[in-house]
Amino acid sequence: MLRAVTSALAIARADWDRLANPPDAEFNPLVSHDFFRCLEESGCAVAKTGWTPRHLVLEVEGRIAGIAPCYRKGHSQGEYVFDYGWADAYGRAAGRYYPKMQVSVPFTPVTGPRLFARTEAERRELTSALIALCTEEEASSVHITFLPERDWEALGGKLWLKRTDIQFHWMNKGYASFDDFLGSLSSGKRKNIRKERASVGNAGIAMHALTGKDIAERHWDAFFDFYMDTGSRKWGSPYLNRRFFSMIGEAMSEHILLVIAERGGKPIAGALNFIGSHALYGRNWGAIEYHGNLHFETCYYQAIDFAIARKMPRVEAGAQGAHKLARGYLPQKTYSLHYLAHPGLQRAVANYLEAERAGIDQEQQALAAHSPFRQEQDF
């Protein structure tokens with residue numbers, strides 16, 4: 001049996017987490033029931049903001065065997081896989097692109113399971129049900145974004161168009177310290193990073209990496225100020241509200257790394273990261289004072305320090321940002337699948353994506369050729 005529910009709370013936490021984070025797979029806190037619940041209960045991912053929950057549930061013999069976290073959307077904001085051009089083209093052809101169905105973690109460009117099920121057959125059943133839900137909701141399309149390459153390869157095809165993009169991830173090669181990591185870089189890049197880190201200390205800025213019970217409400221107050229200041233200047237309307245940060249602080253503090261930068265005892269910048277079993281996921285950052293290299297230190301170098309200390313295999317630094325390459329973050333592909341109900345739009349987008357994938361391949365090769373690591377390093 002398949003059904004769509006209107007809240008993550010309509011699905012038992014134990015069932016959701018059993019499928020989203022099975023014990024034999026990497027733990028990803030950003031697909032946990034707690035994270036979705038906080039997004040919805042805080043009012044961030046709700047109908048009022050254009051994110052109407054329509055989570056798909058597959059039941060077999062009375063037991064939940066699959067979940068697709070899905071939202072009916074009236075816009076394309078907060079997704080990081082951009083389809084504004086498709087919406088504009090369809091609109092000019094007298095089509096109605098919105099609403100659409102979005103299978104994703106709202107506001108979160110982090111790869112992870114999107115079809116929570118143990119078998120490929122069950123994941124295929126979920127994709128078929130998503131197409132049926134698209135028809136039922138009178139939506140134009142379904143978009144499954146930042147899913148694992150395995151599912152992208154297995155499920156992509158005639159109905160589900162395949163798209164790629166690039167992010168930058170830092171890979172831990174068993175480094176014993178930050179200096180050990182620096183030793184793997186070319187001389188110029190190594191000197192530049194040392195200079196950047198020193199400039200932050202010379203500005204009288206102290207860094208604090210907080211996790212668990214060390215994170216207090218005053219830290220969330222400060223971080224929200226940073227987030228709103230920087231977010232408002234960058235994209236006009238930040239997605240997350242103050243209540244959300246308190247809620248994740250209460251529900252998920254052991255899976256959070258909050259980096260706070262202080263000058264003269266006053267918090268001036270911060271970066272929010274989530275701690276998985278195999279990766280540190282960089283999410284949001286903000287600052288109320290500008291200092292050269294403060295962004296690099298707060299977001300990238302502190303994350304590397306933490307990952308090395310915890311022996312974590314990688315740091316995923318979020319969407320975009322070729323400047324991350326010079327700081328040891330290498331280009332990695334991300335994957336998405338797209339179903340468009342209108343045959344004409346489907347054909348046009350299919351042709352576009354074929355050319356786009358070739359361009360992404362070329363871009364990744366060009367970026368890799370400018371790796372900051374010494375030539376003898378095998379990465």
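Taken together through direct or relayed side-chain contacts under 4.5 Å among Ile, Leu, Val, Met, Phe, Trp and Tyr, Tyr335 and Val81 form parts of separate hydrophobic clusters. By the rule that hydrophobic residues join a cluster once side-chain heavy atoms approach within less than 4.5 Å of another member, Phe373 and Ile308 end up as members of one cluster. When hydrophobic clusters are built by joining Ile, Leu, Val, Met, Phe, Trp and Tyr residues whose side-chain heavy atoms come closer than 4.5 Å, directly or via intermediates, Phe168 is grouped together with Leu185. Linking Ile, Leu, Val, Met, Phe, Trp and Tyr whenever their side-chain heavy atoms come within less than 4.5 Å leaves Ile67 and Leu56 in two separate clusters. Clustering ILVMFWY residues whenever any of their side-chain heavy atoms sit less than 4.5 angstrom apart, transitively, puts Ile248 in the very cluster that holds Phe226.
Aromatic rings from Tyr71 and His55 are positioned such that their centres are separated by under 6.0 Å. For an aromatic pair to be called close, the ring centres must be under 6.0 Å apart, and Trp51 with Tyr239 fails this.
For the pair Gln102 (side chain) and Lys73 (backbone), a donor-acceptor distance under 3.5 Å is absent. Put simply, the side chain of Arg243 gets close to the backbone of Glu41: a donor and an acceptor are under 3.5 Å apart. At least one donor-acceptor pair closer than 3.5 Å links the side chain of Thr108 to the backbone N or O of Pro106. No donor-acceptor pair under 3.5 Å is formed between the side chain of Asp165 and the backbone N or O of Thr334. A donor-acceptor contact shorter than 3.5 Å is absent between the side chain of Trp152 and the backbone of Phe146. Arg37 places no side-chain N or O within 3.5 Å of a backbone atom of Leu9 that could act as its donor or acceptor partner. With hydrogens and angles ignored, the 3.5 Å screen pairs a side-chain donor or acceptor of Thr127 with a backbone N or O of Arg124. Counting only distance, with no hydrogens or angles, the side chain of Asp17 and the backbone of His33 share a donor-acceptor pair below 3.5 Å. In this structure, Arg72 contributes its side chain and Ala139 its backbone to no donor-acceptor pair below 3.5 Å. Formation of a donor-acceptor pair under 3.5 Å by the Gln346 side chain with backbone atoms of Leu159 is found in this model.
Few gaps surround CD on Glu26; more than 12 heavy atoms of other groups in view lie less than 6.0 Å from it.
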Could you walk me through whether Met171 and Gln332 satisfy the side-chain contact (heavy atoms from CB on, under 4.5 Å) test, starting with their C-alpha distance in whole Å, then the side-chain angles of each, then the deciding distance to 0.1 Å, before giving a yes or no? CA-CA 11 Å; Met171 302 298 178; Gln332 307 290 322; 3.6 Å; yes
With side-chain contact (heavy atoms from CB on, under 4.5 Å) as the criterion, how do Val110 and Arg283 come out once you've worked through the C-alpha distance, each side chain's angles and the decisive distance to 0.1 Å? CA-CA 9 Å; Val110 167; Arg283 283 303 305 116; 4.1 Å; yes
Residue pair Leu133, Arg54: steps toward the side-chain contact (heavy atoms from CB on, under 4.5 Å) verdict: CA-CA 9 Å; Leu133 183 63; Arg54 297 293 284 140; 4.1 Å; yes
Under the criterion salt bridge (charged side-chain N to carboxylate O under 4.0 Å, His left out), I'd like the reasoning laid out for Asp15 against Arg63: C-alpha separation, chi angles, the key distance, then a yes or no. CA-CA 9 Å; Asp15 286 327; Arg63 178 178 170 83; 5.4 Å; no
Under the criterion side-chain contact (heavy atoms from CB on, under 4.5 Å), I'd like the reasoning laid out for Met252 against Phe274: C-alpha separation, chi angles, the key distance, then a yes or no. CA-CA 9 Å; Met252 306 180 65; Phe274 286 83; 4.2 Å; yes
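A salt bridge links Asp151 with Arg123: the closest approach of a Lys/Arg side-chain nitrogen to an acidic carboxylate oxygen falls below 4.0 angstrom. Using a cut-off of 4.0 Å between Lys/Arg side-chain N and Asp/Glu carboxylate O, Lys162 and Glu153 are scored as salt-bridged. Under 4.0 Å is where a charged nitrogen must lie from a carboxylate oxygen, and between Asp221 and Arg218 no such pair does. With respect to the salt-bridge test (charged N to carboxylate O, under 4.0 angstrom), the residues Arg163 and Asp83 do not qualify. Between Lys333 and Asp361 there is a salt bridge, with a side-chain nitrogen of the basic residue lying less than 4.0 Å from a carboxylate oxygen of the acidic one.
A tilted orientation is assigned to the rings of Tyr339 and Trp160, their planes being inclined by 30° to 60°. His338 and His143 have perpendicular rings, their planes meeting at more than 60° on a 0 to 90° scale where under 30° would count as parallel. Ring geometry for Phe296 versus Tyr300: interplanar angle under 30°, hence parallel rather than tilted (30 to 60°). Relative ring orientation between Phe82 and Tyr84 is described as parallel, the plane-to-plane angle staying below 30° on a 0-90° scale split at 30° and 60°. Ring geometry for His295 versus His323: interplanar angle of 30 to 60°, hence tilted. Ring planes of Tyr90 and Tyr97: perpendicular class, angle over 60° (limits at 30 and 60°). Ring orientation note: the planes of Phe181 and Phe178 are nearly perpendicular, at an angle over 60° on the 30°/60° scale.
You'll find the side chain of Arg96 reaches within 4.5 Å of the side chain of Glu138, heavy atoms only. Looking at heavy atoms from C-beta onward, Glu122 lies in side-chain contact with Leu58 at the 4.5 angstrom threshold. Counting only heavy atoms from C-beta outward, the side chains of Trp220 and Leu258 approach each other to under 4.5 Å. Residues Leu126 and Val103 form no side-chain contact, since every pair of their non-hydrogen atoms from C-beta on lies 4.5 Å or further apart. Proximity of Phe116 to Pro69: side-chain heavy atoms (C-beta onward) are separated by under 4.5 Å at one or more points. Residues Glu217 and Ser246 meet the side-chain proximity criterion, which asks for heavy atoms closer than 4.5 Å. Proximity of Thr145 to Tyr80: side-chain heavy atoms (C-beta onward) are nowhere separated by under 4.5 Å. Between Asp179 and Arg194, some side-chain heavy-atom pair lies under the 4.5 Å cut-off.
Note that CG of Leu161 is 10.5 Å distant from OG of Ser141, once rounded to the nearest 0.5 Å. Note that CZ of Arg310 and CG of Leu257 are 8.0 Å apart. Values are rounded to the nearest 0.5 Å. Taking OG of Ser336 as the start and CD1 of Ile144 as the end, the distance is 9.5 Å to the nearest 0.5 Å. Rounded to the nearest 0.5 angstrom, Asn192 CG and Leu182 CG are separated by 10.5 Å. Rounding to the nearest 0.5 angstrom, the gap separating the CD1 atom in Ile256 from the CZ atom in Phe245 is 9.5 Å. In this structure, NE2 in His255 is found 10.5 Å from CG in Asn28, a value given to the nearest 0.5 Å.
Between Pro22 and Arg118, the closest heavy-atom pair is CB-NH1, 2.8 Å. Between Gly276 and Pro29, the shortest heavy-atom contact is CA-CD, 3.7 Å. Considering all non-hydrogen atoms of both residues, Leu325 and Pro331 come closest at CD1-CD, 3.9 Å. Shortest non-hydrogen contact noted between Tyr301 and Ile193 is OH-CG1, 3.4 Å. Between Ala261 and Thr298 the shortest heavy-atom distance is CB-OG1, 4.3 Å. When every heavy atom of His75 is checked against every heavy atom of Gln77, the shortest pair comes out as ND1-N, 3.1 Å.
Not a single salt bridge (Lys or Arg N to Asp or Glu O under 4.0 Å) links Arg150 to another residue, sequence neighbours left out.
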